[in-house]
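Atoms within each ligand, like the ligands themselves, are counted from 1 in listed order. Residue numbers count from 1 along this sequence. The structure presented is a predicted model; accordingly, all values stated were derived computationally and were not measured.
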Amino acid sequence: MSELLKLVKKLPSGFVWGGATAAYQVEGGTKEDGKGKTMWDDYLQKQGRFSPDPASDFFHKYKQDISLAKEYGLNAIRVSISWTRIFPEGRVTSPNSKGVKYYHDLFRVCLASGIEPYVTLHHFDSPKALFDQGDWLNRNMIDEFVNYASFCFSEFYEVKNWFTINELISLAFSQYVQGTFPPNHKFDIESAIQAEHNELVAHAKVVNKYKKKGYKGKIGLIHVIQPVYPMHKNKQDVHSANLMDAFLNRFLLDGTFLGKYSKETMELINEILNKNNAKLEILDDDLEQLEEAAKQNDIFGLNYYQNMTVEFYDGESRINHNGNGKKGTGIFAFHGVGKAVHDPSIPTTDWDWNIFPRGIYDTLKRISNQYPNCKDIYITENGMGYKDKFISPKEVIDDQPRIDYIDKHLFEILKARKEGVNVKGYFVWSLQDQFSWANGYDKRYGIFYVDFKTQRRYIKKSAEWFRELSKTM
Ligand code: BGP
């Protein structure tokens, strides 16, 4: 028996095996039943590279996807609610009853199939009307988010596991550093860090309200953690790694679980802000909210894909997003902070994402050692973007590299769990192939293949692998 299976055999029966999705990446139907625009609709149309319709047509095909999940041994699904299906203009007025019904129907089908829904309230899809007023940089968005979240808690009583916001760093990074998400700014460090802070405050306010109201479910948020390692053990590279880590990870982990930014974290963040002529506004009330929420998160969603190796870099900031899978074209060099370099001992995907399973073990140990307020952890995303080859409808799609990726990461996760880290579940990114924000439709992650023209689903070897795994328990 493999080392992984030995660990799987020891898992409790309630261990969560899920597939992850996000509304805008799977639903399609962006104009159906009164849905309002998100920050993406006009932008993608203007850009003309790919359309979010019909994506994986989950809006119509969710029953089929849920039954596939069930058939292949999963017991949970991660979905997000599209804010503008419920409140088309973002502002909380009278809800769009068709949108509300859609999510009730979805949750009902999940629960009837023994697939527990884990629901995110904001997964990269701000309502266009609020985006136009500054998105998370406008503090009014915080209040609107609290209102929208409050509505969802009282309406969707059947949901027991809530995540407020998905990957604050990825949203801020893609919007304001990499420029691949609207409004497409590059190295606008002030906006990136301010948006993250404001999102943390929004999250905290929602958690505090949820607890005050005494809801019985569980609540938390999701961070993607990218552990940073210095290329060389010299002082400069080590400092670069610390700066990059503060920027990518530590600022957010502190804000979530310490309820403040520690002195050491702020020294690193201030160094980054100063080097980029940027400032950060933190109000007294913000800190009170963060502090109150820090101990009240019931669950934490950890997304992990890759690590980053950095060396000291003092040149001009430069970035190139590898969005088409042409290996070796990605660049990230951040003035005064660090430059991502390729460690030749670490393999990469076609999109230049490092394949470094040990990073998830290091991350889990770090969180459990440094952030005792972090309680139950779910791996809410982990998986591999791959150019799957479809041969014929009769043949199972061979995605062995994805299986190898998941196998190795899962092993590291369960090793950390065996050593006491409280991991309660694993969601593969993604359940079915879906639309990838800045990469379109060729970067597939699903354990079920989607023919985007016909919307037919086909089985991949990774789905069969999951089914065997679930039988092991
Ligand atoms: C995470 C997001 C997902 C998903 C995934 C893969 O950051 O939460 O929405 O997209 O990464 O990323 P990509 O699609 O860019 O390859």
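Under a cutoff of 6.0 Å and an axis angle of 45°, Lys415 and Tyr361 form a cation-pi pair. Because its NZ or CZ atom is both nearer than 6.0 Å to the ring centre of Trp353 and within 45° of the ring axis, Lys443 counts as a cation-pi partner of that residue. Taking the ring axis of Tyr449 as reference, the NZ or CZ atom of Arg444 stays within 45° of it and closer than 6.0 Å to the ring centre. Both cation-pi conditions hold for Lys387 and Trp351: the charged atom is under 6.0 angstrom from the six-membered ring centre and inside a 45 degree cone around its axis.
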Worked check of ring pair (Phe, Tyr, Trp, His ring centres under 6.0 Å) between Phe173 and Phe332: CA-CA 12 Å; Phe173 189 87; Phe332 178 44; 5.2 Å; yes
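Applying the 6.0 Å contact sphere to CG of Asp376 captures more than 12 heavy atoms from other residues, nucleotides or ligands.
Close approach to Trp353 involves these atoms of ligand 1, each under 4.0 Å from a residue heavy atom: 12 (O), 16 (O). Against a heavy-atom cut-off of under 4.0 Å, Ser436 is close to the following atoms of ligand 1: 13 (P), 14 (O), 15 (O), 16 (O). The Asn166 neighbourhood of ligand 1 comprises atoms 8 (O), with distances under 4.0 Å to a heavy atom of that residue.
Ligand 1 lies out of reach of Trp351, whose nearest heavy atom is not under 4.0 Å from it. Residue His123 places a heavy atom under 4.0 Å from ligand 1.
With hydrogens left out, the protein atom closest to atom 6 (C) of ligand 1 is Tyr445 OH, 3.5 Å, a heavy atom. Protein heavy atom nearest atom 15 (O) of ligand 1, with residue, atom name and distance: Asn439 ND2, 3.1 Å. Residue, atom and distance of the protein heavy atom nearest to atom 1 (C) of ligand 1 are Glu381 OE1, 3.1 Å. Shortest contact from atom 5 (C) of ligand 1 to any protein heavy atom: Tyr305 OH, 3.4 Å.
Contact annotation: for Tyr24 versus ligand 1, there are no heavy atoms closer than 4.0 Å.
In this structure, the ring of Tyr215 has its center less than 6.0 angstrom from the ring center of Phe153.
The option with the heavy atom closest to atom 7 (O) of ligand 1, from among Glu167, Gln25, Met384, is Glu167.
Remark: Glu464 engages no residue in a side-chain hydrogen bond (donor to acceptor under 3.5 Å, both in side chains) (not counting sequence neighbours).
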